[in-house]
Amino acid sequence: MIIVMKTSATPDEIHHICEKVKELGLTPHVSRGVERTIIGVIGEEEKVRVQPFETYPGVDSVVPILRPYKLASRDFKPEATELEMKDGVVVGGKKVVVMAGPCSVENRDMLFEVAKEVRSGGATFLRGGAFKPRTSPYSFQGLGEEGLKYLREVADQFGLLVVTEVMDTRTVELVSRYADMLQIGARNMQNFDLLKEAGISKKPVLLKRGLSATISELLLSAEYLLSKGNFKVVLCERGIRTFETATRNTVDINAIPVLKHETHLPVIVDPSHGTGKWEYVAPIARAAIAAGADGLMIEVHHKPEEALSDGAQSLLPKKFRQLMNEIRPIAQAVGREL
Ligand code: PEP
Ligand code: MN
């Protein structure tokens with residue numbers, strides 16, 4: 001439910017409505033637009049109906065949100081969410097953000113090597129999995145807490161933020177201790193208990209689209225996080241399964257403008273998992289920025305042929321730097337910066 005205020009509504013009238021909403025045991029969420037202010041109401045809609053909000057001074061109308069996702073929708077919050085991280089990093093602001101690093105944290109030295117390169121290339125987040133969701137149980141599963149320690153130490157050394165995957169409700173607290181942003185991977189997009197736990201944690205979350213999830217399903221998963229009071233959510237298009245086998249997945253470029261239309265949440269694109277081949281990473285990264293993505297997630301490895309996971313889709317540091325230079329004018333062409 002949203003309460004649309006009149007253009008002439010005074011700050012006192014807006015405040016009064018918020019107080020009334022709270023009295024009902026609900027949470028108001030104020031969005032101040034250029035034209036008018038709207039108040040999104042979180043909680044049971046039934047409770048809002050008993051109060052005749054339409055009759056209060058300053059109120060223009062009370063409108064139900066018809067989309068299945070409520071808090072994630074643009075109706076609820078028309079202006080784009082700008083997620084403020086530490087060190088002045090903003091996800092969803094004018095500046096495009098780049099999260100880069102190896103697929104997996106393999107050891108301290110390699111992480112140091114790759115982090116140094118991505119930092120000098122202009123990345124603001126260091127990515128790397130310590131808990132890895134591998135298709136085969138015989139593949140490298142990640143270093144666990146040891147990997148988290150390396151991530152924190154190395155990221156701090158280079159002034160980077162840490163984004164890393166959490167796979168299990170039991171490790172949300174542990175991963176939260178080391179990471180600046182929790183990644184919920186494609187395979188766990190509909191792990192509802194994990195979503196609830198990450199929501200409760202109030203840590204920023206990067207939510208990746210499931211392998212065969214629709215955009216609506218992605219937004220409903222985001223809704224789980226938001227409904228627990230965690231609005232610090234970034235969505236990630238990482239390619240979906242289609243009939244095409246020439247690439248690992250098919251990046252749904254359409255999803256970028258669709259998501260931008262449907263939701264206020266920032267949207268980034270992962271062309272590494274999206275294509276599965278390093279040769280295709282740069283063109284799709286450029287397309288993503290041109291289509292309005294707020295950022296990119298890129299896998300980088302200094303020795304891709306020796307990588308313990310996803311070497312084929314990892315960029316050499318030199319290629320990463322080149323990509324960053326290619327993206328800069330594209331970002332500027334669409335009113336962004338890098
Ligand atoms: C990853 O980013 O490390 C990863 C496993 O990605 P996805 O969940 O998109 O497959
Ligand atoms: Mn990977």
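Only a predicted model underlies this, so the values are computations on that prediction, with no experimental measurement involved. Note that ligands are numbered from 1 as they come in the structure, with each ligand's atoms numbered from 1 the same way.
- Without hydrogens or angle criteria, Glu237 side chain to Gly239 main chain gives a donor-acceptor distance under 3.5 Å.
- For atom 9 (O) of ligand 1, the closest heavy atom belonging to the protein is Arg238 NE, 2.6 Å.
- We find that Glu117 and Arg321 are joined by a salt bridge, their nearest charged nitrogen and carboxylate oxygen being less than 4.0 Å apart.
- In this structure, Arg209 falls outside the shell of residues with a heavy atom less than 4.0 angstrom from ligand 1.
- No side-chain donor-acceptor contact under 3.5 Å links Glu306 and His301.
- Using a 30° and 60° split on the angle between ring planes, His29 and Phe76 fall in the tilted class, from 30° to 60°.
- With hydrogens and angles disregarded, a donor-acceptor distance shorter than 3.5 Å links the side chain of Thr263 to the backbone of Ala72.
- For ligand 1, one of its N or O atoms has an N or O atom of Arg187 under 3.5 Å away.
- In terms of protein heavy atoms, atom 4 (C) of ligand 1 is closest to His273 NE2, 3.5 Å.
- Nearest N/O/S atom of Asp310 with respect to the Mn ion (ligand 2) is recorded as OD2.
- Residue nearest to atom 3 (O) of ligand 1, selected from Glu165, Met189, Arg127: Arg127 (by heavy-atom distance).
- Counting non-hydrogen atoms of other residues, nucleotides and ligands closer than 6.0 Å to CD of Glu35 gives a total of 12 or fewer.
- Here the protein heavy atom with the shortest distance to atom 6 (O) of ligand 1 is Lys208 NZ, 2.9 Å.
- Distance alone, capped at 3.5 Å, is enough to place a donor-acceptor pair between the Asp168 side chain and the Arg170 backbone.
- The atoms of ligand 1 that sit less than 4.0 Å from any heavy atom of Lys132 are 3 (O).
- Inclusion of Pro133 in the set of residues having an N or O under 3.5 Å from an N or O of ligand 1 is not warranted.
- Between Glu146 and Lys149, none of the side-chain N atoms (NZ, or NE/NH1/NH2) sits under 4.0 Å from a carboxylate O, so this pair counts as no salt bridge.
- Take the N/O/S atoms of Glu299: the one nearest the Mn ion (ligand 2) is OE2.
- In terms of protein heavy atoms, atom 8 (O) of ligand 1 is closest to Ala186 N, 2.7 Å.
- Near Gly185, with a cut-off below 4.0 Å to any heavy atom, the atoms of ligand 1 are 8 (O).
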